[in-house]
Amino acid sequence: MLNAQQQAVVAHGDGALLVIAGAGSGKTTVMAHRAAALIGRGLDPGRLLLLTFTRRAANELKRRVAGLLRDQGLDLPWAGTFHSVAVRLLRRHGGLIGIDPGFSILDESDSRDLLGLAAEPEAEREAAETPPNPAAPDQDGFPPKGVLCRLYSYQRNTELPLPEVIARIAPTHAKRQEALQRAFAAYEARKKASHGLDFDDLLHAWRDLLRSPHAAALELFDAVMVDEYQDTNTLQAGILDGLCRRHRRLTVVGDDAQAIYAFRGATVENILAFPDQFAPVSLLPLETNYRSSQEILDAANALWAEATRGYRKRLTAARGPLGERPRLETVETDWRQAEAITAAIEIACYREGVPLREQAVLFRSSHQAFRLEMALQKARIPYQKYGGQRFTDTAHVKDAMAFLRCHENPHDETAWRRAFSLLPGVGPASAGRFVTALAATPPEQLADTLAGLRFPAKAQPFREDLLKAFQALAAPGADAAAGLAAVLEFYFPLLRRHYDQPAERETALRELQVLAARYHTTREFLDDLLVNHDPDEDAPGHDGHLTLSTIHSAKGCEWRHVHILNLVEGGLPSGPSQEDGGQIEEERRLLYVAMTRAKDRLVLYQPSIRETAVAGGGVKRAPYKPSRFLSPAVLALFDGGPDGSCAADPVYEPEPDGGGWEIRSSPPVETGPRATSRQARRRREWRWGDE
DNA sequence: GCAGTCGGCTTTTTT
DNA sequence: AGCCGACTGC
């Protein structure tokens, strides 16, 4: 059942192997079979490491390999994302390089907050040195913590010199190089004192471990396989280097046409440099697509043919043509777009018998789906949304986790701050004082120090219960579920004080408790929540839902019907990406990934009018510009369009200013579709109120 | 001096 | 849902 190219990958021996796998070429199946074949040849499955980049890809791969291995009664313990494997290894062996095995994991918002705090002195210093603020109000202030966080993370992932990083991400802050350097150093000191590792630290620490003198004693893996290699960065390549010192049983699978994580420091160079880095390397292609109709692949091929760089490739459909070309639907507004998609999905579901789980709507960024979500709710179509804000990013979940973290790692400044700030009358200043007091005492005396803190009057009523909650956490034999139960009992009154819609949040936290019951220790529970498990994945009724997903989260997935939103300038390509050419090419690859998710039917939507609410309740209407990716050559392969024949429509003629459709001379920037505050808020109220 | 609340404005993508 | 500035109250 495997074709000749696939069999070659499965049969390949022990040398390093690079598989260039086109979209839909069955790479997950092939990886699973190769893993099984290696085990069949005597590899200990406990010493096989399977690495992916995203949790969804990890879950999918795990499921497939496990399915093959279960027949042989085998288990595969080491499969996951780079980050999750790093956490497991560092919990066990991090002590060898000076890492507290009880370290906290700082997720993105944690590190953003801590970095913001660490940078405060720099921001203040600057404010003090430049008091006269002439014409420009806050045009050019000290970067906000979100920008700091992106700069820092990009540097840690690319390991480029700071000036280069600033030039690429935030060139306006070039003059602050030294201040930024000091802020980052202060952040690193705070992290260290907190016994906390952020996402980037996890990868760095793993590589440090592999480069340490203890590496030889920690040869845990006899074979390594990596999925989506085009999305790895040099740091991850360094980890592979360390993993494969003594052997070359390294299989790497990737497709340069699907590289969509450059913004995180991933580089296509990794896959291009692989043959040199791990020489000698065998290179095997997978070129037959088993997913899509030839009509869909023709359109994807045409899109890729216009990329400014990359391996030329043409996908060929094993299924052949299906007799249905992809469609471009031009719609008047975003609202019409939402209605059109809802109608199309209803027709497919109820008249053509295509189940909802076989249909998906994909979009560039999470907020682009807001209007669609409303339309779907109105039509009572159940959906599951992937991408954008995650479960663990919601305030109430972070709060509950903070209490558990305080107990697991008493040095955790971020967690203590969060926990203390929930108490009435306690703000940033008091929380900071409490943290300082805690840091000055050894963890054994935690209970005493806690009891000795001078709470403001308003917080006094919560004092007893707080102490009780921590006692319950420390009780012998307290497992994850018991710990969380104690925390929630204490936390619910605070939750009700702090947030809107407390009932929904409480329900969500009760769900969390069901999840906690699956774990023995609180630490395993927290680790999985942050770096492994996706609670949405196994939501009940998952199978009966339509999928809404960011394109990033859709990678590796497939559906019979795929709808793609907002094929307009500012939508796809997205607004912020239009400034430099490299980012535009990443947007093109995103569209390529999105299009190649479809098996039978692919529909792109292009609204022509952008409606934004203005202050006072009015609506401003402005024309959208069609996405530059829909060139005449691409559109010739689509049905539909403004007058039913895409290629002939004057809207898509080259620009009169001589730019044409060449990417390098594309028309000037136009801002993208954005839900204005008013619209966004209205939507939220509606959503919350209706749920 | 500190905490808390309200109104107005803005949100790429993932671990 | 966060951020910022403005304002209120202890």
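Chain A is the first sequence line, chain B the second, and so forth, proteins listed ahead of strands; every chain is numbered from 1.
Note: CG (A:Leu202) to C1' (B:dT14) measures 14 Å, nearest angstrom. Spacing between atom CZ of A:Phe199 and atom P of B:dT15 amounts to 8 Å, rounded to whole angstrom units. Atom pair A:His396:NE2 and C:dA1:P shows a separation of 7 Å (rounding to whole Å applied). In this structure, CG of A:Asp527 is placed 16 Å from P of B:dT15, rounded to the nearest angstrom. Straight-line distance from the CD1 atom of A:Ile105 to the C1' atom of B:dT14: 15 Å, rounded to whole Å. Straight-line distance from the CD1 atom of A:Ile260 to the C1' atom of B:dT14: 10 Å, rounded to whole Å.
Of all nucleotides listed (B:dT14, C:dA1, B:dT15), C:dA1 comes nearest to the side chain of A:Arg505. The side chain of A:Glu108 has B:dT14 as its nearest neighbour among C:dG2, B:dT14, C:dC3. Proximity note for A:Thr550 (side chain, C-beta onward) versus C:dC3, B:dT15, B:dT13: the nearest is B:dT13.
Partners of A:Glu122 according to the salt bridge (Lys or Arg N to Asp or Glu O under 4.0 Å) rule, which considers only residues two or more places apart in sequence or in another chain, are A:Arg125, A:Arg182. Residues that satisfy the ring-ring contact (aromatic ring centres under 6.0 Å, His included) test with A:Tyr592, not counting sequence neighbours, are A:Trp304.
In this structure, A:Arg505 fails the cation-pi test against A:Phe492, since its NZ or CZ atom is not both closer than 6.0 Å to the six-membered ring centre and inside 45 degrees of the ring normal.
Within the 4.0 angstrom heavy-atom criterion, no nucleotide atom of any strand lies near A:Thr394. Among the atoms of the strands shown, none is found under 4.0 Å from any heavy atom of A:Lys555. At a threshold of 4.0 angstrom between heavy atoms, the contacts of A:Ser366 are confined to the sugar-phosphate backbone, with no base atom among them. Among the heavy atoms of the strands, none lies under 4.0 Å from A:Gly146.
Here A:Arg156 pairs with A:Asp201 in a salt bridge; the nearest charged N to carboxylate O distance falls below 4.0 Å. Of the charged side-chain nitrogens involved, none lies within less than 4.0 Å of a carboxylate oxygen, so that A:Arg610 and A:Asp334 do not count as a salt-bridged pair.
Both thresholds, 5.5 Å between centres and 30° between ring planes, are not jointly met by A:Phe82 relative to the base of B:dT15, so the two rings are not stacked.
Side chain of A:Asp107 to main chain of A:Ser109: a donor-acceptor pair is present (N/O by atom type, distance under 3.5 Å, no hydrogens or angles).
Side-chain nitrogen and oxygen atoms of A:Ser574 include none within less than 4.0 Å of the OP1 or OP2 phosphate oxygen of B:dT13. The phosphate of B:dT14 (OP1 or OP2) has no side-chain N or O of A:Arg150 nearer than 4.0 angstrom. The shortest distance between the side-chain N/O atoms of A:Lys145 and the OP1/OP2 oxygens of C:dG2 is not below 4.0 Å.
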Extract from the structure each pairing of a protein N or O with an N or O of nucleotides 3-6 of chain B at less than 3.5 Å, listing the distance.
unit_1: B:dA3; atom_1: OP1; unit_2: A:Gly427; atom_2: N; d: 3.1
unit_1: B:dA3; atom_1: OP1; unit_2: A:Ser430; atom_2: N; d: 2.9
unit_1: B:dA3; atom_1: OP1; unit_2: A:Ser430; atom_2: OG; d: 2.5
unit_1: B:dA3; atom_1: OP2; unit_2: A:Ala429; atom_2: N; d: 3.1
unit_1: B:dG4; atom_1: OP1; unit_2: A:Gly425; atom_2: N; d: 2.2
unit_1: B:dG4; atom_1: OP2; unit_2: A:Val426; atom_2: O; d: 3.3

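Ring geometry for A:Phe53 versus A:Tyr261: interplanar angle over 60°, hence perpendicular rather than tilted (30 to 60°).
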